[in-house]
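The structure appears right after this line, and notes come after that.
We name chains A, B, ... by the order of the sequence lines, and we start the count at 1 in each one.
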Protein chains: 2
Amino acid sequence: MIVNGATTSGELRAHNRVRLLRAVHDCGATRTRSQLTRELKLARGTASVLVAGLAEDALLHEEPAPGPARGRPTQVPGPHPRGPVALAADIREDAWELAACELGGRVTVLGVRPHDGTPQDALGPLGEAVAGHARRLGPRLIGVGVALAGPIRHGGLVDIGHLGWRSVDVPALLGLADAEPPLAVGNDTALAALAEARRGRLRGVRVGVHLHVDFDLGGVLVLDGRAVPGASGTGAEFGHMPLGGSTRRCPCGAAGCWAMDVGANALLRHVGLAYGGGRGRAQAERVLATSEEAVTANATALGRGIAALVNAHDPEVVILSGHGVELRERAAGALMAACGPGLMAIRRDHPPRIEASALGWRGSLLGAMESVFDAFLTTEGLELWRKNHPDQARDTPDRQSVMHSTLAGESAP
Amino acid sequence: MIVNGATTSGELRAHNRVRLLRAVHDCGATRTRSQLTRELKLARGTASVLVAGLAEDALLHEEPAPGPARGRPTQVPGPHPRGPVALAADIREDAWELAACELGGRVTVLGVRPHDGTPQDALGPLGEAVAGHARRLGPRLIGVGVALAGPIRHGGLVDIGHLGWRSVDVPALLGLADAEPPLAVGNDTALAALAEARRGRLRGVRVGVHLHVDFDLGGVLVLDGRAVPGASGTGAEFGHMPLGGSTRRCPCGAAGCWAMDVGANALLRHVGLAYGGGRGRAQAERVLATSEEAVTANATALGRGIAALVNAHDPEVVILSGHGVELRERAAGALMAACGPGLMAIRRDHPPRIEASALGWRGSLLGAMESVFDAFLTTEGLELWRKNHPDQARDTPDRQSVMHSTLAGESAP
DNA sequence: GGCTTTTGTTCACGGCAAGAGCATAAGCTG
DNA sequence: CAGCTTATGCTCTTGCCGTGAACAAAAGCC
């Protein structure tokens, strides 16, 4: 994790507050205070002051550590009952899912809804749901993250070729175009990669490649825990390089894109079914389960492209998510047979591992959460929180007379 | 520039020393002390103490600012006459060049020598030259950087397919395998990109692509001023993805590599000349100057690949160095005609600029310098320098009775 | 019940940057 | 050329922060 350095003694404190909260968040609120103190190389006294301050700001709340231990019992810092909450949604081609998350990463699903693929039907009801939860959460809401299956231009204009979305203004259609609460729209592949880097198989990996196979194929480079975003936010498009051997025109406007050969659309096309509307998830899964030939063709194209990416970027590991997991399981032979000959000779001694995602289809949603916390767990983010929470009740949290809102509220499914 | 953050008050000082030296180095020792103070947001008092400390450690030396100015005259901090020096070499397929560089980036060429392409003839004499200068410089030498035209595995094993180098142990053949002075072997493309990011067209660019065309074609992603290195140091190989349309087998072991279609080897092959030994620089330049057809074919393949990389990574700018500069000048039409149709539709509104390198053929050498200073301009690097320079003469540098070694010494060409 | 072990708390200390006040050295003005 | 203006360097006080040692607390162990 890269954090901007402090340069004055005042920024030191702010910087260490961020480090401590980040450590709590990244470990899922499982580490004890004494562990964190050692890990961050703080003096015990410093840790005392920091934790006390963060508890006073309703950012942390300590609970006794479970289990027997030798010396004086230590505490486990975790989310405060009135602490920060992120909302996040994963908008897929045929449905969306909305969830909330508190510090430490505990997720509560708030709703799931199918839609017809039009921007209006996909985004309108979601915007209303988000607004409702935002009212309920009040200042506890630190931001809203949204994952989408297409390139996202500066500010939230989205294109999804195979759905016919052209420059769809996502913040406007959600009704969240104003700054409060802060809205972060991101590409599903990049966000899945982010989640994998924080809580999955890319944890601690310096250089990794993440490939997300849904209807389309997305791919992105992950460096030191962050997905490389591109200059205007529309990176994560490894699928639109000509790596698969196809020469077919792609709805993106180019030709020969790798994404034409891998994914649900490619599976459907391979068996002569209609495709391209994001409406065939069930059929695609049937093809995946029954058509050896279609699966082999997909896996071969996948392997060929992986070899090219490994040559170019020299990753430690390549992670597959979405249908990529099944392709790897069902046709490992074809995948490796296509990958091997495409590698440079020097890569063959220690080829990178090709692994399945640890988070499965949940990756994009979790990544949208993490992107909200990434913006919050900064000196600026915490300063803003303090400003919005003037003179906290200075509670000892056993004083539970103040009713606090639960994450799920009344609208949980 | 990303610098690790300070977490204790002691590290604060070290961190600010690094920031100040880095600022002096990056601007080429042209900024005045008052400018630096403002830029780094330091108090004037703090700057005083920092500069005094660095001058005492023989890291900085102030000279009066030239030109008329309104108030009290300010000073320009620059390299100290007994300050740190980096050595760097660029080993090309047919010759090498050795140079020295002090803080601020002033370069002194120390030697140029052709070689026959064998590891022994290329590396032996270079090692001797480096050792001689190392003796002369003594503790002023902070490191040696070497740029090479091939992938460099952990520790310095180098493969250059078209020269027949297989797992060549560069540090051993240079006779510099021991830790003193620290030796950094790097890929020429990655280092050229680094130089471009620090002193060329990629300055201040968040996401850029650098392509270096020599005999072979190298390419690398540049993020926030650093070239993405790969897990084992062998990234920077965009040339070994199948982006150019070829299906020919590549000496690297794969097939269809982009590097088969672009570069001096490709030019020579196109007109039916021998190629592959790195021995035809003059002929290649003649082909480049005379054969419209060969140039067009190269430029077309280059443009096609650039489009793919732009789709995948969404860079602000694509920089061409080496022969890429001439290809862009001589066949801009073919290049753009091949690039355009390969772009995703959403990239066509604001396609990235395609520009020529600002540093030309010097990029790799300069990048090797920068890589040495990157290791030096850290809290650890400066701490080590202080240890090796115990109790400096506390000089006011007008006391020039102590003869100090010049950069060029007696062996300058 | 007393001893050991580990952790939380408190406090004096030293290091650091900030910022105000003063000193300095130029340009500018008449 | 003398006095004024302007910008910068230097010094010293102030306040903040992390450190580490001493002490208190709370559990396990014998």
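Phosphate contact (OP1/OP2 of dA7(D), side-chain N/O of Ser34(B), threshold under 4.0 Å): absent. Between Arg38(A) and the phosphate of dT7(C), there is a side-chain N or O to OP1/OP2 separation shorter than 4.0 Å. Contact annotation: Ser48(B) reaches the phosphate of dC10(D) (side-chain N/O to OP1 or OP2, under 4.0 Å).
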Exercise. Is there a salt bridge (charged side-chain N to carboxylate O under 4.0 Å, His left out) between Glu316(B) and Arg206(B) once you walk through the steps?
Worked result: CA-CA 8 Å; Glu316(B) 282 169 58; Arg206(B) 281 197 19 249; 5.1 Å; no

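In this structure, the CZ atom of Arg44(A) is 7 Å from the C1' atom of dG8(C), given to the nearest Å. Taking atom NE2 of residue His15(A) and atom P of nucleotide dG18(D), one finds them 11 Å apart after rounding to whole Å. We find that CD of Gln75(B) is positioned 14 Å from C1' of dA7(D), with the value rounded to whole Å. When the P atom of dG14(C) is taken as reference, atom CG of Leu12(B) falls 19 Å away, rounded to whole Å. Rounded to whole Å, atom C1' of dA17(C) lies 16 Å from atom CZ of Arg17(B). In this structure, CZ of Arg31(A) is placed 18 Å from C1' of dT7(C), rounded to the nearest angstrom. For the pair Leu50(B) CG and dC10(D) P, the computed distance is 12 Å after rounding to whole Å. In this structure, Leu42(A) places its CG atom 16 Å from C1' of dT9(C), rounding to the nearest Å.
With dA18(C), dC17(D), dT8(D) as the choices, the nucleotide that has an atom nearest any side-chain atom of Ser9(A) turns out to be dC17(D). The side chain of Asn16(B) lies closest to dA17(C), out of dT11(D), dA17(C), dG18(D). Counting only heavy atoms from C-beta on, Thr74(B) has its side chain closest to dG9(D) among dG9(D), dT19(D), dG18(D). For Thr46(B), counting side-chain heavy atoms from C-beta on, the closest listed nucleotide (dA18(C), dT8(D), dG8(C)) is dA18(C). Among the nucleotides dG9(D), dT9(C), dA18(C), the one closest to any side-chain atom of Arg33(B) is dG9(D).
No hydrogens or angles considered: nothing links the side chains of Asn16(A) and Arg13(A) as a donor-acceptor pair under 3.5 Å. Side chain to side chain, Ser48(A) and Arg33(A) meet the donor-acceptor criterion of an N or O pair below 3.5 Å.
Heavy atoms of Thr7(B) sit under 4.0 angstrom from primed sugar atoms or phosphate atoms, though from no base atom. Counting non-hydrogen atoms under 4.0 angstrom, Arg13(B) reaches the backbone sugars and phosphates but no base.
A salt bridge between Asp374(B) and Arg226(B) is absent, with no side-chain N of the basic residue lying under 4.0 Å from a carboxylate O of the acidic one. Using a 4.0 Å cut-off between charged side-chain N and carboxylate O, Arg17(A) and Asp57(A) make a salt bridge. Salt-bridge check for Arg199(B) with Glu370(B): passed, with a basic side-chain N closer than 4.0 Å to an acidic carboxylate O.
Along DNA chain C, the nucleotide closest to Gly45(A) and the one closest to Gln35(A) are compared, and the more 5′ of them pairs with Gln35(A).
Judged by distance alone, the side chain of Arg19(A) and the main-chain N or O of Leu40(A) form a donor-acceptor pair under 3.5 Å.
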Anything under 3.5 Å between a protein N or O and an N or O of nucleotides 25-27 of chain D, put it in a table, one pair a line.
| from | atom 1 | to | atom 2 | distance (Å) |
| --- | --- | --- | --- | --- |
| dA27(D) | N3 | Arg70(A) | O | 3.3 |

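Within the structure, every pair that satisfies the ring-ring contact (aromatic ring centres under 6.0 Å, His included) test and touches residues 20-50 of chain B, not counting sequence neighbours, is listed here: His25(B)-Phe373(B).
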